[in-house]
Amino acid sequence: MSTTKKSTLKTFIRSAALAALAATVSIQSYAEDLGIVRLATTTSTYNSGLLDYLLPEFEKANGATIQVIAVGTGKALRMGRDGDVDLVMTHAPKAEAKFVNEGHGVQPRGIMYNDFVLVGPKNDPAGVKSANSIKEALAKVSATQSLFISRGDDSGTHKKELGLWKQAGTKLPFEGYREVGQGMGKVLQISSELQAYTLTDRGTWLAYKTKVDLEIASEGDKGLFNPYQVILVNPAKYDGLNTKGAQALSDWLVSEETQKRISDFRLHGERLFIANAK
């Protein structure tokens, strides 16, 4: 090989090595900038498998670590109010509006929705399947004193359930009403064991329906709409927040690519969530 060619080859190799080193340094720097992002979210986004499906791609692409704290919406928002997390992903519109209006959260963004369903024993002892609305369905459950398992944990699902009982004109507790203070997956298992009715988000239901001896008893009512939002914890109120990482995650969740992935996520051939970021 000629001296000129050898020199050219060395220059090319050196340039390539420097480029690779620069890229590595850039990625490491970005990873250090993002660091650990603390996300408080509902048990429904966790139990459904959605977060396990989505977040590894963000972590890999950005060098970040997402610390997921899966709790009920009420507790997630309390963690945000205390400055213990960087952002929240929840599904209780009234509680979320209060959280933002009181100055604890900023930049609320709708990211997706699904719906709630009432599930119960296959023999339907309360005759719920003949009901024309969720209001009528719950009225049948209470009128027959059928077993109903409530999460009782101040979650978005629990808040929704209490609102629906109120609309149905039912005074709680009735004889068959049981609060267990558990997440959605555990409540479905308890309801199956006791052959009771319960309200669940559709995502968790699809993740658990082959594991429990229950079936959908009432669905499709417009009152069962279930929207999810992502909200940054207000950096003006708390020190030590990873707002840069939280902002990056929020932006990524509403991006066109991630929105498509949310809508493409399926279990047993059924879509769990419909992306609706604007």
Side-chain angles (χ1 to χ4, degrees), residues 27 30-31 33-71 73 76-77 80 85-97 99-100 105-117 155-157 160 184 200-208 219-220 222 224-235 242-278:
I27 290 171
Y30 190 38
D33 285 344
L34 285 185
I36 295 173
V37 183
R38 300 165 301 170
L39 169 66
T41 187
T42 69
T43 59
S44 58
T45 57
Y46 180 76
N47 286 338
S48 66
L50 178 69
L51 296 183
D52 287 337
Y53 166 74
L54 289 179
L55 294 183
E57 182 174 318
F58 177 83
E59 292 175 320
K60 183 178 179 181
N62 299 298
T65 299
I66 309 300
Q67 246 180 30
V68 177
I69 303 101
V71 290
T73 285
L77 293 175
V85 292
D86 303 305
L87 73 168
V88 299
M89 184 193 301
T90 50
H91 64 142
K94 289 183 179 179
E96 291 157 3
F99 178 73
V100 172
V106 295
Q107 199 182 103
R109 288 166 150 177
I111 54 172
M112 61 189 182
Y113 67 90
N114 61 9
D115 62 348
F116 292 101
V117 293
S155 62
T157 303
K160 184 68 174 183
M184 197 68 253
T200 175
D201 65 284
R202 190 178 292 274
T204 308
W205 166 248
L206 290 175
Y208 276 78
E219 63 180 329
K222 64 180 181 179
L224 295 172
F225 181 64
N226 183 29
Y228 289 79
Q229 286 195 99
V230 60
I231 308 171
L232 304 187
V233 175
N234 189 351
N242 184 355
T243 301
K244 181 174 182 178
Q247 183 70 64
L249 179 56
S250 177
D251 291 345
W252 184 80
L253 286 168
V254 300
S255 68
E256 185 176 345
E257 181 181 350
T258 306
Q259 287 283 289
K260 183 178 185 305
R261 293 194 76 218
I262 290 172
S263 286
D264 287 344
F265 182 51
R266 283 170 167 73
L267 279 178
H268 312 298
E270 295 187 64
R271 185 161 63 174
L272 277 69
F273 300 94
I274 299 171
N276 70 335
K278 297 177 182 178

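The figures that follow rest on heavy atoms only: side chains count, while hydrogens, waters and symmetry mates do not.
Separating the NZ atom in Lys160 from the CG atom in Asp115 is a distance of 10.0 Å, to the nearest 0.5 Å. Once rounded to the nearest 0.5 Å, the distance linking OG1 of Thr65 with CG of Leu55 reads 11.0 Å. Annotation: the span from Ile66 atom CD1 to Leu87 atom CG amounts to 8.0 Å, rounded to 0.5 Å. Distance CG/Leu50 to CE/Met112: 5.0 Å, rounded to 0.5 Å. Distance check, rounded to the nearest 0.5 Å: CD of Gln67 to CG of Asn242 gives 10.5 Å. Atom CD in Glu219 sits 10.5 Å away from atom CH2 in Trp205 (nearest 0.5 Å).
The nearest pair of heavy atoms linking Ala246 to Asp86 is CB-O, 3.7 Å. Nearest heavy-atom pair across Leu34 and Ala248 is CD2-CB, 4.0 Å.
Side-chain contact between Leu51 and Thr41 is present, with heavy atoms from C-beta onward closer than 4.5 Å. Using a 4.5 Å cut-off on side-chain heavy atoms (C-beta onward), Leu54 and Trp252 make contact. Val88 places none of its side-chain heavy atoms less than 4.5 Å from the side chain of Gln229. By the 4.5 Å heavy-atom criterion applied to side chains, Pro235 and Val106 are counted as neighbours. Side chains of Met184 and Ser44 form no contact here, defined as non-hydrogen atoms less than 4.5 Å apart. Thr200 has its side chain within reach of Val117: a pair of non-hydrogen atoms, C-beta onward, lies under 4.5 Å apart. Counting only heavy atoms from C-beta outward, the side chains of Gln107 and Ile231 never approach each other to under 4.5 Å. A 4.5 Å side-chain heavy-atom check between Val85 and Leu39 finds every atom pair outside the cut-off.
Within the cation-pi definition used here (under 6.0 Å to the ring centroid, within 45° of the axis), Arg261 qualifies as a partner of Tyr53.
Judged purely by atom type and a 3.5 angstrom limit, Thr42 has no side-chain atom pairing as donor or acceptor with the backbone of Thr73. No side-chain donor-acceptor contact under 3.5 Å links Asn62 to the backbone of Ala64. A donor-acceptor pair is defined here as one N or O able to donate and one able to accept, closer than 3.5 Å; such a pair exists between the side chain of Glu96 and the backbone of Ala92. Proximity of a side-chain donor or acceptor of Asn234 to a complementary backbone N or O of Gly105 within less than 3.5 Å is not detected. Formation of a donor-acceptor pair under 3.5 Å by the Ser48 side chain with backbone atoms of Thr45 is found in this model. The closest donor-acceptor contact from the side chain of Gln259 to the backbone of Asn276 lies under 3.5 Å.
Remark: Tyr46 OH is loosely packed, at most 12 non-hydrogen atoms of other residues, nucleotides or ligands lying under 6.0 Å away.
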Side chain to side chain contact (heavy atoms under 4.5 Å, CB included) evaluation trace for Thr157 with His91: CA-CA 8 Å; Thr157 303; His91 64 142; 3.5 Å; yes
Salt bridge (Lys or Arg N to Asp or Glu O under 4.0 Å) between Asp251 and Arg109, worked out: CA-CA 10 Å; Asp251 291 345; Arg109 288 166 150 177; 2.8 Å; yes
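Using modelled atom types, one finds a donor on one side chain and an acceptor on the other under 3.5 Å when comparing Asn226 with Asn114.
Relative orientation of the Phe273 and Tyr228 rings is perpendicular, given thresholds of 30° and 60° on the angle between their planes.
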